[in-house]
Each structure stands twice: as structure tokens, then as C-alpha cells.
A.B. asks: 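Just passing along the structure, written as C-alpha cells.
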Amino acid sequence: MFLEPYLLAGPLRIILFFVLILLIHRIISARVSAQTALNFLIPTITLILASVLLGGFILVLTNTFDLFVIICIAIAVISLTFMNLNYRKPIRDQLQRIYTRTILYAVIKLERRKSFLDRDNIIKPTYKNRGEGLSEYHKNWQLAIGFLLPIITYVSRSSLFSEDVFTLSYHWFKKLNLINDLSFETWFFHPGEMMGDYLIINLYAKITSITNAEALQSFGLLESALLSLVIYWVVYKISRKHAPGILAGLSFALLYSFLPMNLDLVAEHKSVFTALIIAVPTMFFGIYPQSFRFNRKLIFGWFVVLFTTILILDLFVGLLIIPLFLFILFFFKFRDNLKQVSQVIFAYLASVSLIAVIYGVAALIKQEDMGAFIVSNLFSFDAYTYNSSLILPFKELIYYYQVAAVVFLVITIFKYLKKPHKWLASLIFLIFLNILFGLYHIDEVLLDLDLLSQVLCVFIPIFFGIILNIVVNLIAIFKKQSPLSTIIEVVSGAAIILGFAIYTFPQEATFNFESNKTENNVFEAYAKIQSENLPYSYAIVNSLPYYSFSNNDHYYYNYDYFNENYIQRDRRFNTYRNNATYLLNNPDIILPETLFVFVYEDTTEKEAFKAQQSLTKERIELLKAKGRAVSVYYNTRLLKVYKVENRPRSSNINELLF
């Protein structure tokens, strides 16, 4: 289902949108970063995602969250970046010089008959950033991995959709309602929900011009694809080798038998995963702040932005996982880099204080229990872990992980004593992973093990990558990194993962999604209707559970109304359709321009529903007999959607335009 064009549209459009942002950034920048490939892309994605989320949060708080407002802000930011103003000097003089240069630039280009954008607009001077540049060889490796790894993850997850129980379930509709009704009034105090990821999904739908339902449906796989790339990059930066990063990324993408992941919920987006997309790079930034591409004076502000967005996304990650990592980080850096680590910790405390104040004020206004809300986010009753695909029970598997983590921690300590800078990140992450594995043995009353399992789904692959890096260093044949050694390591790491994946990949995996579920047909039909027709120019007749599709998009009728009242309303409307005065005085009889009626052919349904569907078919035949324009709009073995045109060429977008 996820490989269908109507669900691939969102991911493809967001990729093209991000490429456009990078191109605009390249054109308007005076200089470009020395960082290239994923060393530039991952920090950029992290910071953009965090900035957009925090900006969207501010717009929601001020009741101005709208696509037009977002576009205006984006244009303003691009314009200010392009002008590169120095606010310490008179602004008027700078604007005058910019105006003069712009006129001269345009005149020169026109006189010489040259295009306004050429090679000089793309080839820019490079900022000096010692130690952060990549050789052309490693740049090509990163670009290839950055292209293939998300695709492998996306395809791997989509192959398990036959086991999906999330799509169109009660929780799916609940999440869709949260996305549809996003505003200041609906933001706060949903038990177990921090709303940050719903803001991202809503914005994702707006930017890519897809429906909220399509955005919700594809976002779970999109976040997994991006997370696999983040895992690869962080392990690559820790190890300075491609093979450990590839092993870590592919482990997250393919090794379901070693991760506590629900195969029947692969389509569900997870706030823990979204938070970790920002949190995992932030952890690395905490160890090596120089990985930022910004002036050191701005690092504190960026850490505040990053930590604030993590808290907006998920309190379990923000209040339990991040403080644990910061405590370990402080232990290792307070002697030699007290100022640096203090800056990171103060940024975190500032973020916690900011969110606490905002939610505290909201709690007073709405008279909500702040403590109960926090507990509901630290102990989620919606999340559960069912690991039917694991090679061993997870309690037993985590024991082996713990033993391996302790062994490799001891090895890393000896390595760290010899070369502290090289092994600092590995040591910090291994101590952190040992604690995470140990936390899993805590009583479930004290810690939500289901949420911890989601965190471990991300950090176990990182653990695999760090182990491979240690093993490679222990048995290294090549003294120095070379193209040959890189190829041998990468091929070996990929071969190990593919070998495990072949023998352990879930047998349920399949790409045959052809009409094997009524829910799939319903979703595809709605996606087609909503993408092809103007909002509120049509109505849909369907069962009550599908009412959420109609919110803020189109009119909805249930079967009882259609079967009992629609024919009478149709008769009155067609009698007086040319009488403007009567219609003005009786607006209740006006029919939607187009009506879509869902008729189900599933023979396993209850007798009452079968009788209802049979009556609906009779009403459709009656409309045909009256000469109404009735046609079959969507047709499969399990579902048929009829289209009733009350006003021809008044609903379909293409027909209205052309």
C-alpha cells in the first residue's frame, strides 16, 4: 500500500521541497559551509526541523498557524538572509546600497544578455572549518548511503503492511482528529500526547499539498527512513568509519528479530521516534559542539531550540532520556570543558523552564492537573510492545545485550585511557547504553517499559555499530584508512546484516497489497476523492467511523440520512433548482455539487449492515431512474464508490480549471 503513487506523493514532494530549500540557501549565502554530504545535511535537517517545530508552536500559541503565514515568514527569513544586514550599523544606508547593487546587477545582466542565475550564484567561497571537510571519496560514500538507506528502510517497513492493525483503527481516527483540529484551544492536555509531532504532520500535509489522512498514513514510514539516516550518521561520526554506520542503519531497517518493534504497528507514527530524530544528533552535538556550523555565540541559543522541541515532541525522551545522557556527559567533561558542558546543561534547564511556564499558565487557564498530564506522558497507555518476531524473548535478549555492553565498555575504557579524544563519544554512548539496558530490568510500575522499548529500537542499532567499530579496531589489518580498507569494511558490515536479515526477516513480509483489506480500499478511495475535488464542494456518504475524514474538508452524510431523507431532498431541489428566490429562502434543500456514496461488498459483515447497504443500492438505482448523473467512481472487489453529480463540472479541480 505504501508504494502506491497516492501515498508516495508526500515523501517525494517533501524531498523536492527540501532540495529547493538547499538550492535557495546556496544562492543567497555569501559563503557555504566546509561541511558537505551528510555532515552538512543531517545537522541542517535537525536544526531546520527544530526551528520549524518551535516556530509552528509559537504560531499555534498566537492563533496564527496558517500556511499563508508560514509562507510569509519563510519569505521574510530568506529576504533577511539574502540582504545580510548588520544591525549594528544604520539600516537605511544598508538598504540603499542593496537597492543600488540590485539595480546595477539587473542592468548589467540585461545588457550582457546573461541569465540572472549562473555559475557564480552557485559556486561560493567556503568557510574555514578545520577537520570537518570530507574527501571526495568519503563524500561519494555518504551521498550513496544517504540515498539508499532511507529507501531500504521505507521499502522494508512497507513490506510489513499486510500485518498492520493501526490504519483506520480507533487510535488512527483519534490521531487524525488531533491533526485536523490543531489550534491553541486543542493543543494542551491530551493525555499521553504532546502534540508536537501532530504539528509536524499537519505542516507536512500543508507543504506537500496532500490530505491530513495521507500525511498521517505516510509519516510513520517517513520518520523511520529519516531515523535510519540519523543513526548511520551519528555512528559514522563516532567511529569515523562507514561500515559501523551502515551496519547500524541497516540494523534499524532490517533486523526486526533483534529489536523490540511491533510489526503490526509499523504504519503508526511514534512521538518517541520523532523526538529521537532531533535528540540523537543533539547528544552528539553535546559531546562535540564544534559539529555545529554556527558561530560559538549562537550555540547556546541553538541548544535551547533543540531541547525545547524535544520536550514539545515527547516528555519521556525530554525528561528521562536526555537528562540521563547529560549527567554522563557532565561527568566526563566538567574538568576540561566545564564552560562548554555547562552551556549545554543550562540550555536544557532553560528549555525545561520555558515549557514548564507555558504549560503551567495553560493549566491555570484551563484548570487542568499539570502533574497528571506529565505522568500520562511518562506512562503511555496507548503504547504497547508485542515482539512476536524476536529470535528470543526480549527479557532474555536484553540480558545478552547487557553482557556484551559491559564487555565492550571495559575494552573502550582501556582505549579511552590511551586516546581520550578518539574514544570519548564511544565511551559516553556505551555507558549510556548500559544504563538503558539496566533500566529495562526495573519494575514496570516505576518506568514504562513499552516507551523504553521504543527508545531501545533506536539505540540498539547504534550499539551494534559501536561494537563493530571496536572489533574493527581490535583486529585492524590496515594501519590507515584507505579506499581498499573502507570497501572491505563496508562489504563485510553489509554482508553481516544481509545474512542475518535473510534468515530472520519476518515471513509475513509481502508487497502484494492488492485489495486484501477493505480498509485499504477505503483509504485509497478517500485519497483519490480529496485530491481531485475542491473542499466543501462535495459530500460523502459512509459509515460513522469515517466521519473524521470529513473534518475541515467536506460534508458528511451517514447511511440513515441518505436512505431516509436524501431522495426527498433531491426531489425538492430539482423541482426548484432554477428558482433562485425559493432556494435563497430554503437553503436546507440545496444539494452538494457532487455526492460520493460508499457501498461495501464485504460478505462477512453483520446482517443489519448488509440490509443497510442493500437499501443504499436501491436508492442509487432510484436516482439513476430519475435521470440523475450517476457513475461508478471507484471500484474494487470489496468496495464500490458511486458519484452523483448534482451540478456538472462544479467539484473536480481539473474540470474547474480546464
Side-chain angles (χ1 to χ4, degrees), residues 1-2 4 6-11 14 53 56 60 65-67 161 164-224 262 264-274 313-314 380-383 517-533 535-536 538-558 596 598 639 641:
M1 179 176 180
F2 288 107
E4 293 289 343
Y6 72 93
L7 277 180
L8 280 174
I14 201 66
L53 179 55
V60 170
F65 183 72
D66 183 79
L67 183 59
F161 186 72
D164 174 57
V165 298
F166 171 66
T167 304
L168 302 185
S169 65
Y170 169 78
H171 290 295
W172 191 92
F173 283 112
K174 177 184 173 183
K175 291 175 184 292
L176 182 60
N177 284 330
L178 292 175
I179 297 169
N180 288 336
D181 300 330
L182 190 66
S183 67
F184 174 80
E185 294 297 326
T186 60
W187 180 278
F188 294 97
F189 305 113
H190 296 280
E193 305 286 359
M194 278 303 293
M195 295 298 293
D197 48 345
Y198 297 106
L199 189 152
I200 295 176
I201 296 172
N202 188 293
L203 189 58
Y204 164 49
K206 283 181 166 64
I207 290 173
T208 57
S209 189
I210 60 176
T211 66
N212 288 339
E214 289 176 275
L216 173 62
Q217 192 68 359
S218 60
F219 190 77
L221 299 193
L222 197 60
E223 70 179 0
S224 291
N262 291 0
D264 54 355
L265 294 177
V266 290
E268 182 181 16
H269 77 94
K270 301 169 181 63
S271 61
V272 169
F273 280 11
T274 313
L313 286 165
D314 192 86
S380 177
F381 295 100
D382 292 338
K517 284 187 177 181
T518 302
E519 291 84 354
N520 296 357
N521 297 159
V522 170
F523 192 89
E524 185 176 11
Y526 265 103
K528 182 181 179 184
I529 293 170
Q530 291 177 303
S531 64
E532 292 182 356
N533 295 278
Y536 287 109
Y538 62 96
I540 286 181
V541 179
N542 206 346
S543 301
L544 185 60
Y546 301 111
Y547 170 76
S548 298
F549 274 105
S550 305
N551 283 351
N552 301 320
D553 190 81
H554 58 262
Y555 300 105
Y556 168 81
Y557 302 147
N558 59 34
F596 296 95
F598 282 63
L639 173 66
V641 179

A.B. asks: Sequence neighbours left out, what passes side-chain hydrogen bond (donor to acceptor under 3.5 Å, both in side chains) with Asp197? Give chain and number order.
C.D. replies: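 His269.
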A.B. asks: Would you check if the side chain of Asp314 reaches a backbone N or O of Thr274 as a donor-acceptor pair within less than 3.5 Å?
C.D. replies: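 Side chain of Asp314 to backbone of Thr274: no pair is present.
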A.B. asks: Could you report the tightest heavy-atom contact between Gly196 and Leu313, atom names first, then the distance?
C.D. replies: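 Taking every non-hydrogen atom into account, C-CD2, 3.6 Å.
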A.B. asks: For a 4.5 angstrom cut-off between non-hydrogen side-chain atoms, does Pro11 reach Tyr204?
C.D. replies: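 Of all side-chain heavy-atom pairs linking Tyr204 with Pro11, at least one is under 4.5 Å.
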A.B. asks: Going by ring pair (Phe, Tyr, Trp, His ring centres under 6.0 Å), Phe596 matches just one of Phe549, Tyr557, Tyr538. Which one?
C.D. replies: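 Of the listed residues Phe549, Tyr557, Tyr538, the ring pair (Phe, Tyr, Trp, His ring centres under 6.0 Å) partner of Phe596 is Tyr538.
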A.B. asks: What closest approach, in Å, do Ile179 and Asn202 show between heavy atoms, and which atom pair accounts for it?
C.D. replies: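 Result for this residue pair: O-ND2, 2.8 Å.
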A.B. asks: Taking only residues two or more places apart in sequence, or in another chain, which ones meet Tyr546 in a side-chain hydrogen bond (donor to acceptor under 3.5 Å, both in side chains)?
C.D. replies: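 So Tyr546 forms no side-chain hydrogen bond (donor to acceptor under 3.5 Å, both in side chains) with any residue.
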A.B. asks: Would you indicate whether the side-chain heavy atoms of His190 and Tyr198 approach each other to under 4.5 Å?
C.D. replies: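 A side-chain contact is absent here, since even the closest heavy-atom pair is not under 4.5 Å.
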A.B. asks: Hey, what do you get for NZ (Lys174) to OG (Ser548), rounding to the nearest 0.5 Å?
C.D. replies: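 That separation rounds to 12.0 Å.
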A.B. asks: Distance from Gln217 atom CD to Ile201 atom CD1, nearest 0.5 Å?
C.D. replies: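 Reported value, rounded in 0.5 Å steps: 10.5 Å.
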A.B. asks: Could you tell me which residues satisfy ring pair (Phe, Tyr, Trp, His ring centres under 6.0 Å) with Tyr556, sequence neighbours excluded, listed by chain and number?
C.D. replies: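 So Tyr556 forms a ring pair (Phe, Tyr, Trp, His ring centres under 6.0 Å) with Tyr547.
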A.B. asks: Work out which heavy atom in Asp553 is nearest to a heavy atom in Gln530; give both atom names and the distance.
C.D. replies: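 In terms of heavy atoms, the two residues are closest at OD2-NE2, 3.3 Å.
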A.B. asks: Once side-chain hydrogen bond (donor to acceptor under 3.5 Å, both in side chains) is applied, do any residues pair with Lys270, and if so which ones, sequence neighbours excluded?
C.D. replies: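 If we apply the side-chain hydrogen bond (donor to acceptor under 3.5 Å, both in side chains) test to Lys270, skipping adjacent residues, there are no hits.
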A.B. asks: Of all residues at least two apart in sequence or in a different chain, which pass the side-chain hydrogen bond (donor to acceptor under 3.5 Å, both in side chains) check with Thr208?
C.D. replies: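 Applying side-chain hydrogen bond (donor to acceptor under 3.5 Å, both in side chains) to Thr208 gives none.
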A.B. asks: To the nearest 0.5 angstrom, please state how far the CD atom of Glu268 sits from the CG atom of Asn262.
C.D. replies: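 Taking CD in Glu268 and CG in Asn262, the distance rounds to 8.5 Å.
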A.B. asks: So which heavy atom on Val641 is nearest to which on Ala525, and how close?
C.D. replies: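 In terms of heavy atoms, the two residues are closest at CG2-CB, 4.1 Å.
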A.B. asks: Going by the rule ring pair (Phe, Tyr, Trp, His ring centres under 6.0 Å), which residues pair with Phe598 if we only count those two or more places apart in sequence or in a different chain?
C.D. replies: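 Ring pair (Phe, Tyr, Trp, His ring centres under 6.0 Å) check on Phe598 returns Tyr526.
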A.B. asks: Can you tell me how far CD1 of Ile529 sits from CD1 of Ile540, rounded to the nearest 0.5 angstrom?
C.D. replies: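 Ile540 CD1 to Ile529 CD1: 4.0 Å, rounded to 0.5 Å.
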A.B. asks: Any heavy-atom pair between the side chains of Leu199 and Trp187 that's under 4.5 Å?
C.D. replies: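 Side chain of Trp187 against side chain of Leu199, heavy atoms only: contact under 4.5 Å found.
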A.B. asks: Rounded to the nearest 0.5 Å, what separates atom CZ in Phe173 from atom CG in Asn180?
C.D. replies: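 That separation rounds to 11.0 Å.
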A.B. asks: Determine whether Phe65 and Lys206 make a side-chain contact, defined as any pair of heavy atoms from C-beta on separated by less than 4.5 Å.
C.D. replies: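 Side-chain contact under 4.5 Å: yes.
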A.B. asks: How far apart are the closest heavy atoms of Thr186 and Met195, and which atoms are they?
C.D. replies: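 Heavy atoms of Thr186 and Met195 come nearest at O-CE, 4.0 Å.
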A.B. asks: On a heavy-atom basis, which atom in Asn212 and which in Ala205 lie closest, and how many Å separate them?
C.D. replies: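 Looking at all heavy atoms of both residues, the shortest contact is OD1-CB, 3.3 Å.
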